[in-house]
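Structure record follows, encoded as structure tokens.
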Amino acid sequence: MELRGPVVAVEEPRTVNTRDGTRDVAEITMRPGRGEEPPVTVSLWGSWAETAELLVTGMTLLVTEPSREEFRGEARYATTAESYVVVEPEFMVDVTDIREWVQCSRQYYLSKFTSASLSYPLVKGSLVHEVFGDLLRGRDLETSVEERVADAGLKLGLLDRDRTAVAEDVQSNARAIERWLQQGTLTEDDEWRSELTLISETFGIKGRADAVRRGDPVELKTGKNTDAEPRFEDKVQATCYALLLGEHGQTPETGTLLYTKNAVLNRTEETGDLSPAKEFSIGPGLLQFVVRARNELAAMEYDISVPTGYESNAICEYCFEQDTCMVVSGRLDQESKAGSVGGALPSAEREYFDRMYRATETERREIHREYAKLWTQSAAERAADDKALLGLQPQGRSQRVDGTWELRAENDDTAVSKIREGDTVLASDGHPTRGDTELGRVVRLETDADGTTEIIVHADEPIELRRLDVYPSDYGINGLLTAMHDAVLKGSQRRRDILFGRRDPTFGETNATFIDNNTAQNRAVELAVTANDCALIHGPPGTGKTYTLARAVRALCERGERVLLSAFTNRAVDNALEQLREQGFSEFVRIGTEHGVSDSMQDARLEHRGEPEERAATLRNAPVVAGTAATCGSSVLKECEFDVAIVDEAGQLTEPGTLAAINLADRFVLVGDHEQLPPVVRDDDSELGTSLFERLIEQYPDAAVTLDKQYRMAQRIQYFSSQTFYDGQLRPATPAVAGQQLAELSAVSSEALPSALQDAVAFVDPNGAMTGNVNRQEADRVAEIVDAYRSAGVAADDIGVIAPFRAQVAAITRRVPSEIDVDTVDRFQGSARAVIVVSFVATDTLDSPIFEDRRRVNVALTRAKKALCLVGDEDALRSDPFYERMLEWAES
DNA sequence: ACTCTGCGGAGAGGA
């Protein structure tokens with residue numbers, strides 16, 4: 001039994017006399033059943049009365065195991081000895097966040113801005129943990145250490161660490177674990193489990209336990225601890241895992257902390273308790289403490305406020321973060337228990353920090369809301385939302401060389417989902433939070449001709465693979481906060497003057513000509529090369545943006561500049577590198593995951609594994625380093641410096657997303673088109689919806705150039721886009737581009753086309769009906785149209801089909817030959833086909849938010865080179881003036 | 001109401 005719902009009213013706690021002496025109590029009113037039922041009164045007794053002080057109207061509250069009694073016909077509830085009270089249970093708090101919060105609330109806050117820091121103790125800590133996991137999975141110690149250290153080659157190199165010395169260090173720590181594992185404490189029936197992912201619906205806590213032994217949590221710590229008792233924060237951490245294990249039917253009473261460094265220390269020099277394994281008992285008091293700490297954190301985050309340090313019992317004098325804490329509070333004018341140093345930044349900076357912090361944290365809330373749907377939605381609802389693959393048939397599992405597991409399954413269902421190869425997912429034996437669950441990575445997801453989907457997932461533990469769920473990670477959020485923090489607190493004065501509109505960008509001079517036959521492109525390279533601060537290159541569809549960008553990279557390198565080449569997507573990064581290769585330049589290093597980088601660029605990819613010194617040198621010496629903007633915030637790239645950062649697809653990046661890249665360089669060049677798709681942001685009203693590119697191009701038109709000649713579309717096709725989005729300035733580069741025709745393709749005879757498709761821009765109304773986000777009749781018609789183009793001799797890979805909704809994409813995919821690319825507008829951005837068919841789906845009206853952003857239409861219409869066929873409901877399209885104009889153009 | 005790319009993720013330690 002539990003009560004869950006919004007708080008309606010809160011009373012001040014008071015002290016009352018009871019049979020058991022004086023106790024605190026606070027009465028609150030809430031609406032259970034997620035707010036659907038009438039309000040009830042709940043008395044929060046004892047230490048839960050403290051929690052009442054955190055509550056404000058509107059917060060969600062959860063009370064477990066309450067007592068109930070009728071009082072004058074009304075139900076009254078009260079907490080019992082078994083109760084927990086949880087504030088905002090859908091706000092997912094990481095176990096390590098609770099640990100940090102208990103240590104110091106301010107440290108919890110500051111650590112959001114230093115997410116990716118490279119330090120030897122951290123790398124070593126991770127290595128020892130990995131070896132620990134390997135040992136539990138039965139791997140030999142020597143092999144494990146050797147392999148894991150080799151894998152960390154790049155990071156160790158950047159830290160100037162020698163491989164042999166590190167291996168010895170890790171090995172001596174790992175020996176302590178090995179000895180402990182063999183120490184008779186273990187019997188044959190010892191049940192071990194390593195790396196357990198735990199997600200709590202009740203407590204709003206998630207985390208990964210290092211190991212679980214006979215149902216009890218075991219936490220590994222690479223540091224030392226000479227006290228008899230384990231460190232309090234360490235106990236808090238292990239207690240969190242115990243709490244979460246409790247929800248999975250276990251009742252841990254003991255936690256174990258394993259301090260590996262204790263075993264390495266010299267007994268004669270160190271005093272105190274040097275035993276590595278320290279046990280402690282986990283009672284209800286500690287469990288409740290952990291939940292109350294989480295509640296404080298969740299309440300503070302509810303209105304996105306900034307902690308001062310007074311929330312916890314931190315002693316600032318002993319704190320190793322004291323300096324950072326004081327500088328941040330001084331610069332941002334924040335209240336801090338540690339005090340502050342230095343003067344405040346200009347108000348523009350502080351307001352910006354505030355705004356972006358709130359917007360980014362709001363994004364985090366949206367992700368958490370998505371996260372909560374793992375259990376608030378039924379399996380069927382998840383599947384209907386394309387967020388889960390259910391009813392998979394396990395096809396066995398096998399241990400890989402590194403001890404982790406390959407899980408195989410099949411699916412006969414033709415269900416579509418957002419899950420794609422390479423994604424991180426929750427793999428479970430039936431339910432993502434209630435069952436046996438592990439984070440995994442989809443390495444294969446392929447449907448064969450008879451509709452069977454083969455699924456392979458890699459995970460640390462051997463899950464029986466019956467279900468996959470999209471994993472809504474807020475991983476990237478701290479990266480954005482870090483980028484914003486670095487730009488404001490660490491960025492140069494000059495850079496900040498540009499970002500905050502206090503100084504116009506300046507340019508040097510050059511006599512060189514970079515591109516002969518295109519003035520705007522040449523001007524773009526000129527700006528990039530001579531910029532003292534920044535340059536902005538606006539590239540409408542087909543205008544040779546990538547070519548120009550690559551030319552600029554080369555020109556900069558010829559001048560001895562070191563270049564960071566970045567973009568929003570992996571595909572754009574690889575495209576730019578391809579273009580560089582085509583221009584005869586290949587002195588670049590590609591940073592990225594094996595899965596993200598295209599096959600053709602794998603040879604340029606920087607492998608992390610290897611000899612430290614050599615790996616680090618490869619990165620440090622490369623004239624051009626390329627990677628996505630998200631990677632630019634990684635610990636590895638933060639160790640690098642550049643003269644210029646060039647960022648492609650900048651119109652699709654949020655401001656903090658862009659800052660991650662440009663923080664690494666002296667100057668920056670943003671390339672993009674703000675008339676195409678904007679950043680994807682979960683909260684529609686978010687400030688993050690406007691890119692830095694768009695803001696700066698409006699602010700500094702003199703630092704910008706628009707590429708105005710397009711090499712892609714026939715005149716007839718480009719006209720509407722040019723008029724509507726580019727003030728008519730977009731023009732075909734040559735008469736040949738303007739007048740291109742379908743018949744120019746070999747094997748195509750345009751006479752063979754039905755008369756409706758004769759024009760370069762055609763419109764067809766299939767008289768269909770939209771159900772859900774699918775229009776079957778329209779999908780049929782699209783298939784017929786595709787067939788007509790094919791019959792006229794157009795090759796399959798010259799045809800692309802675009803629809804706004806994924807469901808319609810799936811419907812069309814089933815109806816056309818598999819060689820034909822069918823995809824959403826969003827995923828088609830950046831590519832082009834000779835023939836494009838656009839399915840609008842909507843009938844009668846256009847009242848879906850997807851039709852509101854006209855930029856999406858711009859993208860869809862400008863993918864076609866020689867023929868464009870619009871398929872949709874005339875009434876629906878005529879219901880909106882913008883789409884009506886589009887129709888008039890199509891039918892003219 | 002919809003679109004969805006990146007990040008191995010979470011946690012590695014210091015005192």
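Every chain is numbered from 1 and lettered A, B, ... according to where its sequence line falls, protein lines coming before strand lines.
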Legend entry - Nearest-Å distance for atom pair CG/C1', residues A:Asn173 and B:dG14: 15 Å
Inset, instruction - Hey, which sits more toward the 5' end of DNA chain B by its nearest nucleotide, A:Val95 or A:Tyr318? - result: A:Val95
Inset, instruction - May I ask you to test the A:Asp826-A:Leu677 pair for a side-chain heavy-atom distance under 4.5 Å? - result: yes
Inset, instruction - Describe the nucleic acid contact of A:Thr593 in one word from base, sugar-phosphate, nothing, applying a heavy-atom distance below 4.0 Å. - result: sugar-phosphate
Legend entry - Check: A:Lys418 and A:Asp385 side chains under 4.5 Å, non-hydrogen atoms: no
Legend entry - Atom-to-atom span, CG of A:Leu118 to C1' of B:dG14 - whole angstrom: 15 Å
Inset, instruction - Classify the side chain of A:Ser126 versus the base of B:dG11 as yes if they form a donor-acceptor pair under 3.5 Å and no if they do not. - result: yes
Legend entry - Rounded distance in Å - CD1 (A:Ile477) to P (B:dT5): 16 Å
Inset, instruction - Determine the interplanar angle of the A:Phe113 and A:His485 rings, folded into 0 to 90°, and report it as parallel if under 30°, tilted if 30 to 60°, perpendicular if over 60°. - result: parallel
Inset, instruction - For B:dG14 versus B:dA10, give the span between their P atoms, rounded off to a whole number of Å. - result: 23 Å
Inset, instruction - Could you check how far CE of A:Met92 sits from C1' of B:dG11, rounded to whole Å? - result: 16 Å
Legend entry - Integer-rounded Å distance: B:dA10 C1' and A:Leu220 CG: 14 Å
Legend entry - Donor + acceptor pair across side chains of A:Tyr371, A:Asp474 (<3.5 Å): no
Legend entry - A:Asp873 and A:Asp844, any side-chain heavy atoms less than 4.5 Å apart: yes
Inset, instruction - Pick base, sugar-phosphate or nothing for A:Lys206, based on heavy-atom distances below 4.0 Å to the nucleic acid. - result: sugar-phosphate
Inset, instruction - May I ask you to verify if any side-chain N or O of A:Ser473 is less than 4.0 angstrom from the OP1 or OP2 atom of B:dG9? - result: no
Inset, instruction - May I ask you to say what A:Gln322 touches in the nucleic acid, namely base, sugar-phosphate or nothing, with a heavy-atom cut-off under 4.0 Å? - result: nothing
Inset, instruction - Please work out if A:Gln107 contacts a base, only the sugar-phosphate, or nothing of the nucleic acid, heavy-atom cut-off 4.0 Å. - result: base
Legend entry - Sugar-phosphate only, base, or nothing, as touched by A:Arg827 at under 4.0 Å among non-hydrogen atoms: sugar-phosphate
Inset, instruction - Remember a base hit wins even if backbone is also touched, and classify A:Asp210 as base, sugar-phosphate or nothing at under 4.0 Å, heavy atoms. - result: sugar-phosphate
Inset, instruction - May I ask you to say what A:Gly207 touches in the nucleic acid, namely base, sugar-phosphate or nothing, with a heavy-atom cut-off under 4.0 Å? - result: sugar-phosphate
Inset, instruction - Looking at every strand, decide which applies to A:Glu321 at a 4.0 Å heavy-atom threshold: base, sugar-phosphate, or nothing. - result: base
Inset, instruction - Under 4.0 Å between any heavy atoms, over every strand shown, what does A:Ser119 touch: base, sugar-phosphate, or nothing? Just pick one. - result: nothing
Inset, instruction - Answer with base, sugar-phosphate or nothing: what part of the nucleic acid does A:Arg855 contact at a heavy-atom distance below 4.0 Å? - result: nothing
Inset, instruction - Scan A:Arg571 against the nucleic acid and name what it touches under 4.0 Å (heavy atoms): base, sugar-phosphate only, or nothing. - result: sugar-phosphate
Inset, instruction - Have a look at A:Tyr241 and say if it touches a base, only the backbone sugar-phosphate, or nothing, with a 4.0 Å heavy-atom cut-off. - result: sugar-phosphate
Inset, instruction - For B:dC2 versus B:dG6, give the span between their P atoms, rounded off to a whole number of Å. - result: 23 Å
Legend entry - Whole angstrom value for the distance that separates C1' of B:dC4 from CG of A:Asp853: 14 Å
Legend entry - A:Asp423 with A:Arg441: basic N within carboxylate O range, under 4.0 Å: no
Inset, instruction - Specify the residue among A:Arg441 and A:Asp97 whose closest nucleotide of DNA chain B lies further upstream toward the 5′ end. - result: A:Arg441
